[in-house]
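To keep things clear, I will list the structure first and then write my remarks on it.
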Amino acid sequence: MKKNKIKILGKEYLFQSDFDEKQLKESEKKIEERIKHYESQYPNADKIDLLVVFILELLENIYIKEKQICEREKKLENLKGKLEIMEKNIKEKLNILTKEIQ
């Protein structure tokens, strides 16, 4: 991990991450864009409140993605089980066919 700087709402923050420069700039831009979006929706809100709303949005997105991953993992496990059954059935049929040939 390397030390990075990011500027949010005019303030610089130092943190460690594996972000490359391009990812860092894109993240900075997205944060600023979301804050401006929230500012237009909530013109009387404090900047910290806007950041909290943004954090909650991010947490919701993480939750949704984690749920999607869990659902996909369940589907993969289900498919794996079906493939194992198919493999077992094929092996059994091959054994029967092999015995018939002998």
So, do [X] and [Y] sit near enough that their side-chain heavy atoms are less than 4.5 Å apart?
X     : Y     : answer
Glu12 : Ile6  : no
Lys25 : Lys29 : no
Lys36 : Glu39 : yes

Could you pull out all donor-acceptor pairs under 3.5 Å where a side-chain atom in residues 69-85 meets a protein atom, sequence neighbours excluded?
none

How long is the gap from [atom1] on [X] to [atom2] on [Y], to the nearest 0.5 Å?
X     : Y     : atom1 : atom2 : answer
Tyr13 : Glu28 : OH    : CD    : 11.5 Å
Lys30 : Leu58 : NZ    : CG    : 10.0 Å
Ile64 : Leu59 : CD1   : CG    : 11.0 Å
Met1  : Asp18 : CE    : CG    : 5.0 Å
Tyr38 : Leu51 : OH    : CG    : 10.0 Å
Asp49 : Phe54 : CG    : CZ    : 15.0 Å

Over all heavy atoms of both residues, which pair between [X] and [Y] is shortest? Give the atoms and the distance, please.
X     : Y     : answer
Phe19 : Lys2  : O-CE, 3.0 Å
Leu9  : Ile35 : CD2-CG2, 3.5 Å
Ala45 : Leu50 : CB-CD2, 3.7 Å

Derivation of the side chain to side chain contact (heavy atoms under 4.5 Å, CB included) call for Gln16 and Asn4: CA-CA 6 Å; Gln16 289 185 335; Asn4 294 294; over 6 Å; no
Any donor-acceptor N/O pair, Gln23 side chain to Asp20 backbone, under 3.5 Å: yes
